[in-house]
Enquirer: 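Below you will find the structure I want to go over with you.
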Amino acid sequence: MADTTVMDKLVSLCKRRGFVFQSSEIYGGLGSVWDYGPLGVELKKNVKDLWWRAMVHARDDIEGLDAAILMHPRVWEASGHVAGFSDPLVDCRHCKNRFRADDPRIKGTPGQPDAQCPVCGSRGTLTEPRMFNLMFKTFMGPVEEQAAVIYLRPETAQGIYVNYLNVLQSSRQRIPFGIAQIGKAFRNEITPGNFIFRTREFEQMEMQFFVKPGTDADWFERWREWRMQWHYGLGLAPSRLQWHQHGPDELAHYARAAFDIQYEFPFGWQEIEGIHNRGDFDLGRHQEFSGKKLEYFDQAANERYLPYIVETSAGADRVALTLLVDAYREEEVEGETRVVLGLHPAVAPIKAGVFPLVKKDGMPDLATALYHDLKRRFPAFYDDSGAIGRRYRRMDEAGTPFGITVDGDTAAARSVTVRHRDSMLQERVGVDQVGDYVAARLAGVD
Ligand code: GAP
């Protein structure tokens, strides 16, 4: 399959099966903003829950936080976003399209007569590049004036830095310790695209780990290792994951060292998570701009210092897309094409489909009772319409790992058939055991 075809097929499956819809579709859609349907919201929630479990619940040294999206405007001056969170933008005076100045499709130098617009093909119509800040602005209160400007946060990290002392004191943690947060972020990207890969509204899963200066390089390496293991644990193909180290020209203004975890998408190797050694840049800047001391006092060593920060920053939407891309496959089965999402059971939106083989002989009653029983433990789906093969296929496309069929033997033998999505093999399991059977196979990563 051509790479573009894979993405087209995935986008169409996501709409058909209720994973992802275009935002405001009945009005023609809103550029690079997406809504998650019934299956998509479960998939993304599973990603976030697994991240939270690995980062917060399974550890003693990380606390959770849910900071507000709206923050004091000085935060974004201190962070460097007001001055520097910009991309160079060029306009085509002829067709009115906008591009990043470094868009590889542009021929020639923007602003010069030889430059050619990649959309309408006109020459000499591209403007000189001008810096365009990616933060969305809005106004606080009833007056729309400069003094009332605030921003939708472009990253969740700053909510953690400004709360670091609150969390430290209220949780009685000691350094080294971390703060984790999941939440929405907004960027007015000039060239968003590739479905939910780069969007204007997205969710980040960020963790900031506060360490003693001098121990940062060591912690940085540990976090690199742990984060890659987490992605392996989601069931992603290891051969499609790699590290990308930021060279000196790529490093963000705050970073002493940075590595991206990249995945091989149909549109190339791209970042899904960044691990950054941010030194004392963030706390130093907030200390300077707020005038509040943010130093840590180490009682045992009787010393005071500004902690360094090791950050892990992943996109929940990007991880969800990665899982979908990695899971999508087509197979020939008995002369028909079977579309399967081979999702790890821990992230699959529905864990089990429950089917009465036929709508008679008491099978629907038995199947309904089993379905209600299972649904109390994990998401399950009841389907009694159409041939059993069709019902299995519908669940294959939704990524459901187990199909449970109530048949003519169920009542007497007190057993059902469990059909495995990937191998399509079937086995007999007791009605009273099938809940435990499925639950035992849902364990995720820590
Ligand atoms: N606090 C550091 C930070 O925000 P980043 O590399 O700009 O670093 C971190 O973003 C992660 O957030 C990325 O690896 C990606 O998964 C996700 N992300 C960033 N911009 C995004 C966008 N426009 N759409 C979807 N996800 C995005």
Side-chain angles (χ1 to χ4, degrees), residues 20 23 30-34 36 44 47-48 51 65 67 69 71 75-76 78-81 84-87 100 132-136 151-162 178-209 220 223-224 227-228 230-231 234 236 241-246 250-263 265 267 269-279 281-283 285-286 309-325:
V20 180
S23 161
L30 182 66
S32 290
V33 185
W34 299 89
Y36 286 77
K44 188 152 75 133
V47 169
K48 292 186 285 183
W51 186 88
L65 179 75
I69 288 171
M71 300 184 76
V75 167
W76 306 110
S79 68
H81 283 84
F85 194 53
S86 313
D87 276 346
R100 273 177 64 124
F132 171 77
N133 195 293
L134 302 185
M135 282 196 293
F136 279 98
Y151 302 95
L152 300 188
R153 67 180 176 202
E155 62 172 12
T156 58
Q158 302 300 324
I160 295 181
Y161 306 140
V162 301
I179 304 177
Q181 160 156 255
I182 298 177
K184 289 266 184 171
F186 303 83
R187 295 183 189 177
N188 199 0
E189 303 274 6
I190 305 170
T191 47
N194 285 323
F195 194 32
I196 52 172
F197 178 80
R198 190 182 308 283
T199 55
R200 295 196 166 101
E201 173 178 342
F202 54 97
E203 267 184 293
Q204 287 188 315
M205 307 184 290
E206 294 200 302
M207 192 282 306
Q208 315 294 323
F209 205 74
F220 184 67
W223 276 111
R224 278 203 324 121
R227 292 309 303 149
M228 187 61 108
W230 186 79
H231 289 278
L234 294 178
L236 295 174
L241 289 165
Q242 71 176 19
W243 286 109
H244 167 72
Q245 180 172 16
H246 286 214
E250 274 177 287
L251 276 182
H253 58 281
Y254 53 75
R256 297 162 66 89
F259 277 81
D260 293 338
I261 295 177
Q262 292 186 331
Y263 179 80
F265 288 97
F267 42 89
W269 286 97
Q270 297 286 345
E271 167 188 349
I272 52 175
E273 170 156 358
I275 292 99
H276 312 125
N277 181 346
R278 303 181 65 122
F281 176 84
D282 307 285
L283 293 184
R285 294 279 287 189
H286 285 303
I309 291 171
V310 175
E311 168 183 65
T312 72
S313 176
D317 311 83
R318 252 184 224 183
V319 174
L321 177 63
T322 311
L323 289 167
L324 288 167
V325 167

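Positions are given from 1 along the sequence. We count ligands from 1, going down the list as the structure has it; atoms in each ligand are counted the same way. Heavy-atom basis, side chains included; hydrogens, waters and symmetry copies ignored.
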Enquirer: Looking at Phe197, which atoms of ligand 1 are within less than 4.0 Å of one of its heavy atoms?
Expert: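 Near Phe197, the atoms of ligand 1 are 24 (N), 25 (C), 26 (N).
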
Enquirer: Do Gln262 side-chain atoms and His244 backbone N/O form a donor-acceptor pair below 3.5 Å?
Expert: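 Such a contact is absent between Gln262 side chain and His244 backbone.
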
Enquirer: Measuring from atom 5 (P) of ligand 1, which candidate in Arg187, Glu273, Glu206 has the nearest non-hydrogen atom?
Expert: Arg187

Enquirer: Are Phe197 and Phe267 packed together at the side-chain level, in the sense that at least one heavy-atom pair is separated by less than 4.5 angstrom?
Expert: yes

Enquirer: Only pairs at least two apart or in different chains count here, so list each salt bridge (Lys or Arg N to Asp or Glu O under 4.0 Å) that has a residue in residues 182-193.
Expert: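 The answer is Lys184-Glu201.
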
Enquirer: Look only at interatomic distance and state if Ala157 has a nitrogen or oxygen under 3.5 Å from any nitrogen or oxygen of ligand 1.
Expert: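 By distance alone, the answer is no.
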
Enquirer: Determine whether the side chains of His81 and Gln158 contain a donor N or O and an acceptor N or O closer than 3.5 Å.
Expert: no

Enquirer: One residue to check: Asp260. Relative to ligand 1, which of side chain, backbone, both or neither has a non-hydrogen atom less than 4.0 Å away?
Expert: neither

Enquirer: Would you please determine whether Thr199 falls within less than 4.0 Å of ligand 1 on a heavy-atom basis?
Expert: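 The answer is yes: ligand 1 sits under 4.0 Å from a heavy atom of Thr199.
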
Enquirer: Does an N or O anywhere in Gly315 fall below 3.5 Å from an N or O of ligand 1?
Expert: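 Indeed, backbone or side chain, Gly315 has an N or O that close.
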
Enquirer: If you measure from each heavy atom of Arg278 to ligand 1, is any distance below 4.0 Å?
Expert: yes

Enquirer: Identify the closest protein heavy atom to atom 18 (N) of ligand 1: which residue and atom is it, and at what distance?
Expert: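 Answer for atom 18 (N) of ligand 1: Phe202 CE1, 3.6 Å.
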
Enquirer: Among all protein heavy atoms, pick the one closest to atom 15 (C) of ligand 1 and tell me residue, atom and distance.
Expert: Arg318 NH1, 3.4 Å

Enquirer: For the pair Asp317 (side chain) and Glu203 (backbone), establish whether a donor and an acceptor sit closer than 3.5 Å, ignoring hydrogens and angles.
Expert: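 Answer holds: yes.
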
Enquirer: I want to confirm something. Looking only at heavy atoms, which of Glu155, Gln270, Glu271, His276 is nearest to atom 6 (O) of ligand 1?
Expert: Glu271

Enquirer: Looking at atom 9 (C) of ligand 1, what's its closest protein heavy atom, distance included?
Expert: Ser313 OG, 2.9 Å

Enquirer: Is the backbone of Gly31 close enough, under 3.5 Å, to the side chain of Arg200 for a donor and an acceptor to pair up by distance?
Expert: yes

Enquirer: Checking Gln208 against Glu311 for the side chain to side chain donor-acceptor pair (under 3.5 Å) test, could you report, in this order, the C-alpha distance in whole Å, the side-chain angles of both residues, the deciding distance, and whether it holds?
Expert: CA-CA 5 Å; Gln208 315 294 323; Glu311 168 183 65; 2.9 Å; yes

Enquirer: Decide ring pair (Phe, Tyr, Trp, His ring centres under 6.0 Å) for Phe265 and Tyr263; before the verdict, give the C-alpha distance in whole Å, the side-chain angles of both, and the deciding distance to 0.1 Å.
Expert: CA-CA 6 Å; Phe265 288 97; Tyr263 179 80; 5.0 Å; yes

Enquirer: Show the atoms of ligand 1 that are less than 4.0 angstrom away from any heavy atom in Ile272.
Expert: 14 (O), 16 (O)

Enquirer: Holding to side-chain contact (heavy atoms from CB on, under 4.5 Å), I want the full list of residues that pass it with Ala257, two or more places apart in sequence or in another chain.
Expert: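 Phe220, Asn277.
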
Enquirer: Determine, considering heavy atoms only, which of Gln262, Glu311, Met205, Gln204 sits nearest to atom 10 (O) of ligand 1.
Expert: Gln204

